[in-house]
Structure formats: C-alpha cells, structure tokens
Visitor: 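Handing you a structure now.
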Amino acid sequence: TSISIGTVHDTNCSHPSCWWREYVAGLKLISCNSIHFLSLPPSEVDSQQNMSLEHSSINIILFGVLAKDYSESVSQGDMLLVTGFSVGNSPTAQKDKLHACNLQLAGDDAWMYVSTLKVVKYTYVPLSDLKPGVVVNVYAVVTFFKQPFRTKGTDYCSTLKITDQSNQKVGCTIFCDKLEEHPKIFKMGDIIRLHRVKTQLFNGAISLLTSHGFSVVTFDGMVGSPVVPRTSSESFKFGEEDCQVVEALRTWAANQSLVPAQPCVPLSAVQPKTYFDLTCQLLAKAPVDSSCTLLKVWDGSKCPHPLLDVFVEPNTLEGCPTLSKDMANLTANVLVYDNHVEVARQFKPGSYLRIYNLHAVPGASRLPSNDSGQSDQTGHLGFHLHGGTSYGRGLRVLPEDSPDILDLKKILETFSESDINDSSMFEVWSTPPESFGVPLQSASYSDTCCMCIGVERTCDHTVEQVSLAEVKSRSPPQVFHVQVQLKSYQPQRLYQSLKLFCHKCKTIRDVPDDVTVEGLFSEAQKDVGPCNNGYWTLVLPLPREPPSESPSQTLTLLMSSQLMGNGKAQELIFLMGATLEETCRIASAYSNIVPVTSPQGTMTPLDLSAPFLFRGTKRYYGCKQCSQLKVGESLGEGVEVWDEKSVADALGVQLLQYGLLMKLELQDGTGFLEALLWRDAESFFHVSAEDAAADQEAQDRVQETMDRLCPPGSSTAERPWMDLCLSAYTVEENGQRRACYQICHTGTRVGSLHTP
DNA sequence: GGTTAGGCTTAG
C-alpha cells in the first residue's frame, strides 16, 4: 500500500550479487517527487515527515527475483514507480547523506514499474556557431539527403546537408548499424533535430558526425502541417519548445529558396529522359536477377506516353498487378538496380513508396515482353533506378498517414475495385488441407437428423426461378433464383472454411493452427530482452510449470505510461516472454493482451502470422502486407474504448476480418453448378465467423446446418430442396475470363422436430 | 571503442 515515484540516479550495484542464497541489488533514487505512505504503522509516520525536499534522495534495495531481473530493466535516469515496499533504516545514511530510511522490495507484494522516459534539458547551437571537436545538439532544415546506404564498414550511412536561420550550410554524416535509427527524411525541406552530434573540420568546413548516444527526430517541413515527430526511438523527449522551434524553422525556410524546383512528379507529367521523384503504391514485385528487381507501381495518374510492360514469370511475381491497370496505362514498371535491390526486397505489395531520382527511359526493355514481341514497345516509357546514391538516388516506404500519401490514397480510391479479389479466393482453394486447423468439432448426426431445414431467399428481387442449365447458358453479370439440392461441399472439415480477410488488399488467408502459433511464440521468446521505450515494465516472476522449462526467462508485463497516467493501464497490456498457453490464461483475466517481443531492444508485436491481440477467448490477426507496425509512446490518443479496432489502430495493424468460405456443388436435374458461399455466409448460417473461430456453439450451428442440407450417408433424393439467390459474375485469371457464382441473400431456417 | 563517407547521375 505504499507507492514511490522517482528518478534513478545511480545503480550502485549494477550487477546483482548473490548474497546469502538470495539476489540483492541496490539503487539510489533522486528527485523523489512523490512518496506516499498510504497505510504505515504510526511509529513510522515520522519517516513520512522526513521525506521532504532536503531528503529527496533515497536508497532502494531489491531482493530476490526483482534484484536478479532489475539490472536488465533499469538504468540511470529511468523513472520508477515502486509499490509494496517496506521501510527500513538505511545503514549508509551517515556515509551517503541520503535519507535515513531505505525502501526494501522483497516478496510477492513488491512491484517495480520502470519508465525509460529521461528528463534531460537540451540546448541547441546555431549552425554558424559550431566550433570543431565538440558534441552538440542542432535543429535545422534538410536541403539535401541520401537514404541510408551500406558502407564498407559495419554501418549504414546517411549523408545530409542542413541549414538554419544562420544561413550556414553544414554537411552531416550519420553512421548507424540499424536502419530504423536513421533519420526518416522524406523530402528536402523536412526539419531535423539531431542530438549528440560531433563537430569536425573537413576540407576547411565544419561537418557533423554521429557521436555516442546520438539520436534524431524529423518533422514535415510544410508551414501549418501538424508537428508530428518521426522517430523509431520511443525514449525521445518532445515538448512545446520543440514545436516552436520547428514552426520557426518552417516559416523561415518558406521564405528562402532552399529547395530546388519540386522533384516530385506524377506519372501524368513525366518527361522522357528526365530524372524525377515518384510517390506511388507498390502493386507487385519480382526479382529479375541478383542485381535487378522489378517493381510494378502506380500513382493513379495516367501517363501521356505509353508505358513499357515488363513480363516476368507469374510464379516469381509477389502481389497482384491487374491487367485492367496495365490496359489503362496506369502501371509503371520500375527496374531497381544494385544497391537498391536489398532495400526493395523488404517492400510488401500494397505499401506506399517514394522513389528518388528515378530515370524515365524511352525504349524497349531488355527483358522478354508480355506479348512475344508481337507489338512494338519502342518508345514506351520504362523507369530505371540506377545503382549508386548520386543525387540522393534511392527509395523508401512512406508511412500511410503522411500528407502526401493521404492525397495519393484519395486518388487511388477512385479506382476502387470489386468487393473482393476473386483470384485470391481461388488460390485459397488450392491450399493443401493439412495447413488448416482451428478445431471445429462436429455435432453428432443423431442429434440433428430429425430436424427439417428450410433454405429461403431474403432478397427482394422479383426474378423468376430458373434451372441450373439456364443459369449456365446466360452470361454474367446477372442474378438468378434457383431451386436446388446440395450434391457436395468443400471443405468437408468445416474448420477449414474459416478464413481471414483483408479489406485493404482483398486477400484471404487461413487461420493458423495452434501448433503453428505455438511455434511463433517460442520463436519470439528467443528475442526477448530488455526493451527501451516509453513503457512501464512490470517484471512478473510467474511460476512456470515445470519450473525448469525456461528458467532464464521471466514473463514481462508492459503497460503504456500514457495509459497509466489516465488510470487505464490495465485495459491494454503487452506481454513479453509468454508461451501461447500462458498468453491464453492471462487473456482470460484482462481485456486486451498483446503478445510482444523485443528484437534489438524495441518492443514490437510478434510476426503477424500469429494473433496480435487476445481478447478473452477471441484472437485477432493483422494483415502482413498492409500493416505498418508502430508501438509509439503516444499510444491511442483519444481512445475511449479499447477493442480490437482501436488496439489495431494504435499498433498500426491492418485488422483482418474473420469470414467463412465454402464451395457448394448444386444440382437440380438439369445440371450441376459450383457456387461459393462467402459474402453472405454469416447470414446463411446465422453465425458470425468471429464467433465460429472461438465459440463451440457457433461451430456446432455451422456443422448442424451442413448436416441437414447434406445428411451423412444420405442419397441425393433424401436431401432438402433449397431456394437460393445466385449472383453470377466474371473473374479474370491469367487473361482468361470465366463465370463464377456466389450464394447471396439466403438464410437457413431450422424447423420443428419430426420423424425422418 | 573504432570504422564507414565526406552529395553532384547509369550506361542495365
């Protein structure tokens, strides 16, 4: 019942020692801004009086598991929240002149929350005042930049030129082995804040170089746009003064001509033989050879020059370019060479890109063309991102919320395609059944065979009923009403009908089975370690069974310091180092559990093949292609209710929706027809697919319905007749068009008991 | 703790 908050000054026992068969560690807490003893015995109330400002530093002693684990979780400057401690006399009070008492954390009631938010004041030096050989902090406008490129050493290098109100132009070289720690610069005119850069004299001029503890934050440079810091670092400090500095730099830069004529050009304005920057969406990519990768992109604008088509083997192509975009001269083929291949390899189709210094090259590609050379492609525009980094040549992914991308998205949305990408639906059917696996138990036949079932249309069409033979003779698109029996259906194992669907890229994937998910969890445990972001860490020494299983690892709960400030910390809990089973157990007690890992010390959700969120018995998945993970400090600003949608939003996850997909073979005496049940599957069965993923009762309902429509062992004559509404449409696959059918606006109704 | 690069077009 006692709580103490303060900043760690010194971890004077940085390696916990094993003392008297128990781990012990000490740390010194300064600027103890609030120590509250909520229910101390009267004899100790005096200590509370003494806890005034002159004694604002106090020693904390940790025992046991906390002592063993804290050294991985606490460092100087961290903020701590400590609960459940006891107060003892400090034997070192004479010597260290700290508080006469110390706080002792031992046993199950003692908890320590660690926040790595540092409280440090920074001063910024104008670029004209830089002297050689010192470490400084600066704020500036970027006038030239190269995306990070591999050096001959161990790091990546970013080369920048920056300037500020002093009008001094300074070169800046950033070395860092982690790409995500490089400045996120999207265009010239962006604002940059550099901490701990070293000045150096080179060729008679001052330049800046990364030094120890280097960090960087960047901002959009447009006057009036929101001041949003761009960084992967979760421990950066950013306040009102920073906003003012950014705005002042923006206003100043707007009146200078620092940035050359707009290098960003849409495809509709590209001139042959020129270099330009392109902002676009990646449709598909394919490796060409070891030094070349093909990117198929579009920006929604129509190029006045015919665009070169580059044909690659379909099995090497990742993503789905559409023929319609090709036909409409919307797809640009970009050949990426040499050093840029490594960067392009990371891109996922659907993501938004900016390509710097792209070369528009008229003329045929050296690659074999799509139409076996029948039509001449000379003069068609191809695009080359040549090797090297001259003129800032390079490419990167842009976050979906950046202003330029919001504009691009609006344009691309006007080209919105059909509700579902049908070719991906057919790919799912060819998936081998072994890879399916959410247990969906079968209801026993004897329970259900005595029920009759009606299948009725719920649409208000007044379309006349036709035979299947007639359906097949007419060309889509069209709606039909038919009276049919079920001949067969797939999948026979109904749990295989459960799918995950992405509204954004329109792809369908299977729900992974527990063995797969378990594997992903244990894989993630390998990366578990201390992580350095703005979260409170609660190291929880949960007993593991058997205890020897993973003795070196602790289960770590992390909570957002921001949510904790709002008293909502328990509503969203990040869990590190847990097995699938432990996660499920903990999820039954909390509303939202996000399993995380910490490769390179940054807390991040698991591989998106695994569920990113557990809510009670329900599991939620994200789209690998469309998610742009972020686990920022400003978590869920303005979120009222934490549900799967707001959690997904806060984490940058594109939430996948559960769906049911089945293929029914229908018959009516005039013929047979395969129809999919997908869009209206939930109303057909009167279950939600999400429930069917987690709830036995919902699973039973699906099984019962199918058992009634197609009783096991029954002859076709015994099966009920169904009144269905069918929608016919065309699907294009590898240039071939064919008719497809979906059951829609139809629901089942279970009748009363009667003897069969 | 030290190294890398230090803008200024590929040539497909």
Side-chain angles (χ1 to χ4, degrees), chain A residues 130 132-133 135 140-163 169-179 181-183 185 187-190 192 194 196-214 258-261 263 265 271-278 286-295 308 310-312 333-342 344 355-369 377-378 380-395:
Chain A
L130 296 177
V135 173
V141 182
V142 177
T143 59
F144 173 81
F145 65 99
K146 288 182 176 187
Q147 294 301 335
F149 56 94
R150 225 186 244 295
T151 64
K152 288 178 186 140
T154 56
D155 294 341
Y156 288 91
C157 175
S158 293
T159 302
L160 322 177
K161 185 129 267 170
I162 59 175
T163 189
K169 293 201 168 46
V170 175
C172 184
T173 306
I174 288 160
F175 291 114
C176 197
D177 60 346
K178 295 188 184 93
L179 275 174
E181 287 171 18
H182 278 259
I185 304 170
K187 57 162 82 157
M188 294 180 204
D190 281 354
I192 190 166
L194 294 155
R196 288 166 291 259
V197 279
K198 196 165 55 190
T199 54
Q200 201 184 50
L201 212 49
F202 177 73
N203 283 346
I206 289 281
S207 63
L208 293 169
L209 199 66
T210 40
S211 80
H212 258 98
F214 157 81
L258 299 173
V259 176
V265 171
Q271 292 300 315
K273 298 184 185 173
T274 57
Y275 291 89
F276 67 107
D277 293 355
L278 178 66
V288 173
D289 58 44
S290 64
S291 68
C292 181
T293 288
L294 170 69
L295 304 180
L308 185 76
V310 179
F311 177 75
V312 290
N333 285 278
V334 177
L335 290 163
V336 163
Y337 291 100
D338 304 338
N339 51 317
H340 310 299
V341 168
E342 178 195 341
I355 308 177
Y356 303 91
N357 197 240
L358 189 58
H359 194 186
V361 182
S365 154
R366 68 186 168 96
L367 296 160
S369 85
Q377 286 208 59
T378 27
H380 289 215
L381 268 194
F383 299 92
H384 295 242
L385 186 69
H386 297 297
T389 61
S390 305
Y391 280 81
R393 191 179 304 134
L395 72 179

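Letters A, B, ... mirror the listed sequences (proteins, then strands); counts begin at 1. What you are looking at is a predicted structure, and each value in this text was computed from that prediction instead of being measured.
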Visitor: Using the rule side chain to side chain contact (heavy atoms under 4.5 Å, CB included), only one of Ile185(A), Leu208(A), Thr173(A), Thr143(A) pairs with Leu160(A); which is it?
Guide: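 Testing each of Ile185(A), Leu208(A), Thr173(A), Thr143(A) against Leu160(A), the sole residue satisfying side chain to side chain contact (heavy atoms under 4.5 Å, CB included) is Ile185(A).
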Visitor: Say whether Arg393(A) and Tyr356(A), considering side chains only, have a donor N or O and an acceptor N or O under 3.5 Å apart.
Guide: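 There is no such pair between these side chains.
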Visitor: dT9(B) P sits how many Å from His340(A) NE2, rounded?
Guide: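 Spelled out: NE2 on His340(A) to P on dT9(B) is 14 Å.
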Visitor: Rounded off to whole Å, could you give me the CG-to-C1' distance for the Leu335(A) and dA11(B) pair?
Guide: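 For the pair Leu335(A) CG and dA11(B) C1', the rounded distance is 14 Å.
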Visitor: Only one of Leu179(A), Thr389(A), Asp155(A) forms a side chain to side chain contact (heavy atoms under 4.5 Å, CB included) with Pro148(A), so which one is it?
Guide: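 Going through Leu179(A), Thr389(A), Asp155(A) one by one, the side chain to side chain contact (heavy atoms under 4.5 Å, CB included) with Pro148(A) is satisfied by Leu179(A) alone.
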Visitor: Between P on dG7(B) and CG on Leu160(A), what's the gap in Å once rounded to a whole number?
Guide: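 Leu160(A) atom CG is separated from dG7(B) atom P by 12 Å.
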Visitor: With a non-hydrogen cut-off below 4.0 angstrom, is Gly171(A) in contact with a base, only sugar-phosphate, or nothing?
Guide: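 No contact.
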Visitor: Would you mind telling me which residue lines up with the more 5' stretch of DNA chain B, Gly387(A) or Asp155(A), judged by nearest nucleotide?
Guide: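 In this pair, the answer is Asp155(A).
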Visitor: Parallel, tilted or perpendicular for Tyr275(A) and His359(A), by the 30°/60° rule?
Guide: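 Correct class here is parallel.
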Visitor: For dG6(B) and Lys146(A) - does any side-chain N or O of the residue sit under 4.0 Å from the phosphate oxygens OP1/OP2?
Guide: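 Answer yes for this pair, as a side-chain N or O of Lys146(A) is under 4.0 Å from OP1 or OP2.
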Visitor: On a whole-Å scale, what distance lies between the C1' atoms belonging to dT10(B) and dG6(B)?
Guide: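 Their C1' atoms lie roughly 22 Å apart.
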Visitor: Of the nucleotides dC8(B), dA11(B), dT3(B), which has the atom closest to the Asp338(A) side chain?
Guide: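 Selected nucleotide: dA11(B).
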Visitor: Expressed in angstrom and rounded to an integer, what is the separation of Tyr391(A) atom OH from dT10(B) atom P?
Guide: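 About 10 Å, once rounded to whole Å.
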Visitor: Between the base of dG12(B) and the side chain of His386(A), is there a donor-acceptor distance below 3.5 Å?
Guide: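 Result: at least one qualifying N/O pair found.
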Visitor: On DNA chain B, nearest-nucleotide positions of Thr173(A) versus Ser390(A): which is more 5'?
Guide: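 Whichever sits nearer the 5' end wins; that is Thr173(A).
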Visitor: Answer with base, sugar-phosphate or nothing: what part of the nucleic acid does Leu385(A) contact at a heavy-atom distance below 4.0 Å?
Guide: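 Nothing: the residue Leu385(A), judged by heavy atoms under 4.0 Å, touches no strand.
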Visitor: Let me know the distance between NZ of Lys198(A) and C1' of dG6(B), rounded to the nearest Å.
Guide: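 Atom-to-atom, Lys198(A) to dG6(B), this comes out as 14 Å.
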Visitor: Within the modelled atom types, does a donor on one side and an acceptor on the other bring the side chain of Thr154(A) and the base of dT3(B) under 3.5 Å apart?
Guide: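 Such a pair exists between side chain and base.
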Visitor: Could you state the CZ-P distance from Phe175(A) to dG6(B), rounded to the nearest angstrom?
Guide: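 Going from Phe175(A) (CZ) to dG6(B) (P), I get 8 Å.
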Visitor: How about Phe214(A) and Phe175(A): are their ring centroids closer than 6.0 Å?
Guide: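 Not under 6.0 Å, so no.
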Visitor: Students often mix this up, so state it plainly: with edges at 30° and 60°, are the rings of Tyr337(A) and His386(A) parallel, tilted or perpendicular?
Guide: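 Rings of Tyr337(A) and His386(A): parallel, under 30°.
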Visitor: For dG1(B) versus dA5(B), give the span between their P atoms, rounded off to a whole number of Å.
Guide: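 Pairwise P distance, dG1(B) against dA5(B), rounds to 23 Å.
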Visitor: Could you check how far NE2 of His384(A) sits from P of dT10(B), rounded to whole Å?
Guide: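 The answer, rounded to whole Å, is 14 Å.
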Visitor: Quick one: which of dT3(B), dG6(B), dG12(B) gets closest to the side chain of Gln200(A)?
Guide: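 From the listed options, dG6(B) comes nearest.
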Visitor: Considering every strand and a 4.0 Å limit on heavy-atom distances, what is the contact class for His212(A): base, sugar-phosphate, or nothing?
Guide: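 If one applies the 4.0 Å heavy-atom cut-off, His212(A) turns out to touch nothing in the nucleic acid.
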Visitor: When the distance from NZ of Lys161(A) to C1' of dG6(B) is rounded to whole Å, what number comes out?
Guide: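 The distance from NZ of Lys161(A) to C1' of dG6(B) comes to 9 Å, rounded to the nearest Å.
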Visitor: Measuring from the side chain of Asn357(A) (C-beta onward, heavy atoms only), which nucleotide among dG2(B), dT9(B), dA5(B) has the closest atom?
Guide: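 Looking only at side-chain atoms, Asn357(A) lies closest to dT9(B).
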